[in-house]
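Just the heavy atoms: all of them, side chains too, but no hydrogens, waters or symmetry mates, feed the values below. None of these values were measured; they are calculated from a predicted model. Whatever order the structure lists them in is the order used to number ligands and atoms, beginning at 1.
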Amino acid sequence: MTVVRRPDEEGLRRAAEILRAGSVVAFPTETVYGLGADAFTESAVAEIYRLKQRPSWNPLIVHVADVAAARALADVWPAAADELAARFWPGPLTMVVRRARHLPGIGAANDTVAVRVPAHDVALRLLRECGLPLAAPSANRSESISPTTAEHVRRSLPDVPLILDGGPCAWGIESTVVDLTDPVPVLLRPGALGLRELRDVTGTIGLPSSATADGTARPSPGMSRRHYAPRARAVLVPDVSDLSDLPPDAGVLTHEKAPYQGGAAKLEILSADPREYAADLYAALHRLDDAGVSTILIQSPPGSEEWLAVRDRLSRATAV
Ligand code: AMP
Ligand code: MG
């Protein structure tokens, strides 16, 4: 049975105690809720994989309190990492760098480590209190919708001993992951931090083969084709104003620029601003699932770059 606690001094002290004992704690970050464990203790990390039922090859992001702690995990800390950290940390940017030789690998990450400093007061206080680098993937069953509230975590992972409740996550979508192990940085996963902001610092960024236009599945490490998926069958449609013969138990997810007028068992209209849309997307998918709809018809988002992360998540949520 899980305990949900406020992240006050006593809650944080208890969380740190659990983490130092080699178990797991769910905690809020600015992106989504994370399921944290001591990153370089094998049994603690194994508990994350077990609870999430995450494939063992899929590596985890290590969360640390500051740049110095991140550097300590790296064998090589490139100049670009310093520049990006100065600009975006704490924040929703994960950097993949060569791992310090004395550290064990996580998942299938042979000689690299993915690291970030989260911009959430509770996450930072917890990192300082426990004094450990924390591996922390999203606190949900593998493939299902990521949690943006403590209640989402409780329902998805009822066996986590402790959840710190820090309210809803501000970004509501995962971090952007960039690989810095080669001279030209490569985007591994679009996310909360936009490509334009990244490019302002690094110049050219390599995109994995098909991350450009339609956000379809691609073989970058640790990225399953089906992910972030609701229980209901989810389908992307080019235009929700065109829906005819909607099944009576279907839900519709759209945004303010393409409102839907017809009869849906459950309707979610999100913002037409990509950041606001992303912030509410997972919660909306949770609400649609809670309403018991059999199918969710999702208005395809715009094709522009600001929508890259949303398109990526929706293409995975709708993959079969
Ligand atoms: P999640 O924690 O589920 O939000 O996903 C973590 C993401 O970070 C996955 O897409 C992984 O592929 C990526 N990742 C974590 N560690 C590494 C690494 N060492 N090399 C490349 N990608 C990584
Ligand atoms: Mg996840």
Practice task
Step by step, work out the side-chain contact (heavy atoms from CB on, under 4.5 Å) result for Val45 and Leu60.
Solution key: CA-CA 9 Å; Val45 169; Leu60 306 175; 3.9 Å; yes
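- Listed by number with element, the atoms of ligand 1 under 4.0 Å from a non-hydrogen atom of Leu188 are 21 (C), 22 (N).
- For ligand 1, the atoms closer than 4.0 angstrom to any heavy atom of Arg189 are 1 (P), 4 (O), 5 (O), 6 (C), 7 (C).
- Ligand-side atoms of ligand 1 in range of Ala109: 19 (N), range being under 4.0 angstrom from any heavy atom.
- Remark: Asp290 engages Arg155 in a salt bridge, criterion side-chain N to carboxylate O under 4.0 Å.
- Ligand 1 places these atoms under 4.0 Å from at least one heavy atom of Pro137: 2 (O).
- Within a 6.0 Å radius of CZ in Arg199, more than 12 heavy atoms belonging to other residues, nucleotides or ligands are found.
- Here Arg98 pairs with Asp111 in a salt bridge; the nearest charged N to carboxylate O distance falls below 4.0 Å.
- Note on the Mg ion (ligand 2): protein N/O/S atoms under 2.8 Å are Ser138 OG.
- Here's the thing with Thr112: one of its N/O atoms is less than 3.5 angstrom from an N/O atom of ligand 1.
- In summary, the atoms of ligand 1 found under 4.0 Å from a heavy atom of Pro59, numbered by their order in the structure, are 14 (N), 15 (C), 16 (N), 17 (C), 23 (C).
- Ion pairing between Glu30 and Arg116 holds under the 4.0 Å rule for side-chain N and carboxylate O.
- No N or O atom of Glu174 sits closer than 3.5 Å to an N or O atom of ligand 1.
- Between Glu268 and Lys266 there is a salt bridge, since at least one side-chain N of the basic residue sits less than 4.0 Å from a carboxylate O of the acidic one.
- Classified by interplanar angle (parallel below 30°, tilted 30° to 60°, perpendicular above 60°), the ring pair His255/Tyr277 is perpendicular.
- Short contacts between ligand 1 and Ala114, defined as distances under 4.0 Å to a heavy atom of the residue, involve ligand atoms 15 (C), 16 (N), 17 (C), 19 (N).
- The closest approach between Arg54 and ligand 1 falls below 4.0 Å for a heavy atom of the residue.
- When the side chains of ILVMFWY residues are joined at heavy-atom separations under 4.5 Å, either directly or via intervening members, Ile296 and Tyr260 end up in two distinct hydrophobic clusters.
- A salt bridge does not link Arg189 to Glu174: none of the charged nitrogens lies less than 4.0 Å from a carboxylate oxygen.
- Glu83 and Arg87 are not joined by a salt bridge, as no carboxylate oxygen comes within less than 4.0 angstrom of a charged side-chain nitrogen.
- Crowding of Glu9 atom CD: a count of heavy atoms from other residues, nucleotides or ligands under 6.0 Å not exceeding 12.
- Contact annotation for Ile106 and ligand 1: no heavy atom of the residue comes within less than 4.0 Å of the ligand.
- Near Leu60, the atoms of ligand 1 lying under 4.0 angstrom from a non-hydrogen atom of the residue are 15 (C), 16 (N).
- Atom numbering of ligand 1 starts at 1 in the shown order; those under 4.0 Å from a heavy atom of Ile61 are 6 (C), 8 (O).
- The CD atom of Glu151 sits 4.0 Å away from atom CZ of Arg154, with the distance rounded to the nearest 0.5 Å.
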